[in-house]
Amino acid sequence: MKRLLLILGVMLPLTAMAQRGWQVRKDVPLDSIRLSDPAVLADQKTQMYYMTGTGGMMWRSSDLKRWEGPMRVTEFEADSWMGPRPMIWAAELHQTGDEWYYYFATFTNQAVKIDTVRGNVIERRASQVLRADNPMGPYRAFGDATYLPADRPTLDGTFWRDTDGKPYMVFCGEWLQNWNGTIEKIELKPDLSGTVGEPHVLFRASDSPWSREKNDQGDITWNKVTDGPFLFRTATGRLGMLWTSWVFDVYTQGVAYSESGTLDGPWTQEPEPITPPGYGHSMLFQRFDGQWMMSVHYHQKDARGRTVRTPHFFDVDLSGDKIIVNTK
């Protein structure tokens, strides 16, 4: 059977992709891929690694070294709040023990404006969950029309099951509206088909001891951005959260730990960044041989001044009380 790809609701053979502007490549080295916010699912059923991120395209590999892609795996209804062709940011793949694969991502409908703050027009943007019965999709909306408030720009939703056994989405409240970015949680329905109750703030950008920027008066202060939360537990049971901001013009990632061991915190920020300058928006996954890995992108400028983001993997040690990233 020919492999098929879903493009805006139409199933097309991969040979038709070139006619639509896509070219699926094989044996692509990781450092030749251009991808922001890379997230990897190590799928036990297929013994393959699936990598997605901003842009919503999918790459797959058997060894994390050579990749096939990009392939589009999402489908949207024209009458949803997202519209037929939303922008897709920071997509992640998650499994919860059932037969489904869940696609947590941020969707932006540029045709809808929800606010204007300090001269910035804010478009309709929010985190939502799609679902498919296999890792290559097609991923479709399957539950509530919206998961998060329509009058707020939210982004970078990720999945976590807390000690109460309930599933949660952890996400960012965008700084463009609140001018002090937040990281928040909201309870998910048991089947992840929607949300329950209201969001709760876990911490704010101003809590960071390491991020920096200059304010309108030229004074050095904390950076307003919160970006890319991802939850993990160490072998000792300690709950940690990776998240990203900026040190002036350098993309930078830190880590915080929950004093209670639950999402409610309180959260204590580590004083120094967790990865080298320029690396951020990471997630963790476990290789098939058991080694924990951090998937992250490197944020840099090329010779022409254009921003280039390249996926990168670090080995991670979770055997102690803190995460240790091997950056060598």
Side-chain angles (χ1 to χ4, degrees), residues 28-40 49 51-57 59 61 64-65 67 69-70 87-92 105-106 155-156 158 172 174-176 181 183 203 205-215 220-232 240-257 269-285 291-318 322-328:
V28 181
L30 184 69
D31 60 6
S32 295
I33 297 172
R34 298 294 176 259
L35 180 64
S36 301
D37 316 326
V40 176
Y49 299 99
M51 180 171 66
T52 187
T54 287
M57 306 299 276
W59 294 80
S61 171
L64 297 176
K65 297 177 182 178
W67 294 82
M87 295 175 64
I88 303 175
W89 293 356
E92 296 182 358
T106 303
L155 67 159
D156 294 354
T158 190
C172 297
E174 192 164 37
W175 69 272
L176 286 172
I183 292 183
F203 59 83
S206 55
D207 295 330
S208 168
W210 49 262
S211 68
R212 295 286 184 272
E213 69 176 16
K214 288 187 177 180
N215 62 20
I220 295 176
T221 183
W222 42 268
N223 194 281
K224 296 181 288 292
V225 173
T226 50
D227 184 77
F230 191 85
L231 285 300
F232 65 91
M241 184 193 303
L242 300 161
W243 69 285
T244 303
S245 188
W246 294 81
V247 177
F248 301 110
D249 62 345
V250 179
Y251 202 54
T252 305
Q253 181 173 233
V255 64
Y257 292 98
Q269 305 290 332
E270 290 288 279
E272 300 296 331
I274 192 70
T275 44
Y279 292 89
H281 200 117
S282 74
M283 57 84 63
L284 304 181
F285 67 97
Q291 172 64 49
W292 281 100
M293 306 293 292
M294 173 183 285
S295 173
V296 65
H297 76 248
Y298 182 50
H299 186 109
Q300 61 184 325
K301 298 286 186 181
D302 65 11
R304 299 172 63 180
R306 298 171 300 185
T307 298
V308 176
R309 299 179 180 91
T310 307
H312 184 83
F313 300 146
F314 290 120
D315 288 355
V316 170
D317 183 357
L318 295 176
K322 291 185 177 183
I323 186 173
I324 297 175
V325 183
N326 181 0
T327 59
K328 295 181 180 180

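Residues passing the salt bridge (charged side-chain N to carboxylate O under 4.0 Å, His left out) test with Asp302 are Arg306, sequence neighbours excluded. Partners of Leu176 according to the side chain to side chain contact (heavy atoms under 4.5 Å, CB included) rule, which considers only residues two or more places apart in sequence or in another chain, are Asn120, Ile122, Glu174. Evaluation of the side chain to side chain contact (heavy atoms under 4.5 Å, CB included) rule for Tyr298 yields Tyr279, Gln300 as partners, not counting sequence neighbours. For Met87, the side chain to side chain contact (heavy atoms under 4.5 Å, CB included) partners are Trp89, Thr108, Gln110, not counting sequence neighbours. Residues passing the side-chain hydrogen bond (donor to acceptor under 3.5 Å, both in side chains) test with Asp317 are Ser319, sequence neighbours excluded. For Pro311, the side chain to side chain contact (heavy atoms under 4.5 Å, CB included) partners are Leu30, Ile33, Leu35, Pro38, Met51, not counting sequence neighbours.
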Please evaluate residues Thr307 and Lys301 with respect to the criterion side chain to side chain contact (heavy atoms under 4.5 Å, CB included), reporting the C-alpha separation (whole Å), side-chain torsions for both, the decisive distance (0.1 Å), and the verdict.
CA-CA 5 Å; Thr307 298; Lys301 298 286 186 181; 2.8 Å; yes
Does the pair Tyr251 and His281 meet the rule for a ring-ring contact (aromatic ring centres under 6.0 Å, His included), with working shown?
CA-CA 9 Å; Tyr251 202 54; His281 200 117; 7.5 Å; no
Just do the side chain to side chain contact (heavy atoms under 4.5 Å, CB included) check on Met294 and Leu242 with the steps written out, would you?
CA-CA 10 Å; Met294 173 183 285; Leu242 300 161; 3.9 Å; yes
Run the side chain to side chain contact (heavy atoms under 4.5 Å, CB included) test on Phe230 and Asp156 for me, step by step, so that the C-alpha distance in whole Å, both residues' side-chain angles and the decisive distance to 0.1 Å come before the verdict.
CA-CA 9 Å; Phe230 191 85; Asp156 294 354; over 6 Å; no
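Distance CG/Asp37 to CE/Met283: 11.5 Å, rounded to 0.5 Å. Rounded to the nearest 0.5 Å, atoms OG1 (Thr327) and NE2 (His312) are 8.5 Å apart. Taken from CG in Asp227 to OG1 in Thr252, the straight-line distance is 11.0 Å, to the nearest 0.5 Å. Annotation: the span from His297 atom NE2 to Ser282 atom OG amounts to 10.0 Å, rounded to 0.5 Å. Taking CE of Met241 as the reference point, atom CD of Gln269 lies at 8.5 Å (rounded to 0.5 Å). Separation of atoms CG (Asn223) and CZ (Arg212) is listed at 10.0 Å; rounding is to 0.5 Å.
Considering all non-hydrogen atoms of both residues, Gly280 and Gln253 come closest at CA-CB, 4.1 Å. Closest approach of Val250 and Pro277 over heavy atoms only: CG1-CB, 3.7 Å. When all heavy atoms are compared, the tightest approach of Glu92 to Thr158 is OE1-OG1, 2.7 Å. For the pair Phe314 and Asn326, the tightest heavy-atom approach, listed with the atom from each and the gap, is CD2-O, 3.4 Å. Shown here for Cys172 and Thr226, the closest heavy-atom pair between the two residues is SG-O, 3.5 Å. Shortest non-hydrogen contact noted between Arg309 and Ser36 is CD-OG, 2.6 Å.
Between Met293 and Val40 the shortest side-chain heavy-atom distance does not fall below 4.5 Å. When side chains are defined from C-beta on, Pro229 does not count as touching Phe203, because their heavy atoms never get closer than 4.5 Å. Between Lys322 and Val255, every side-chain heavy-atom pair lies at or beyond the 4.5 Å cut-off. At least one side-chain heavy atom of Ile323 sits under 4.5 Å from a side-chain heavy atom of Leu284.
The main-chain N or O of Val247 is never found under 3.5 Å from a side-chain atom of Ser211 such that the two would form a donor-acceptor pair. Within the 3.5 Å criterion, the main-chain N or O of Ala90 finds a donor-acceptor partner in the side chain of Thr54.
Ring planes of Phe285 and Tyr49: perpendicular class, angle over 60° (limits at 30 and 60°).
Looking at Thr221 and Lys214, their side chains never bring a donor and an acceptor atom within 3.5 Å of each other.
With Trp210 as the fixed residue, the ring pair (Phe, Tyr, Trp, His ring centres under 6.0 Å) test singles out one of Trp222, Trp246, Trp243: Trp243.
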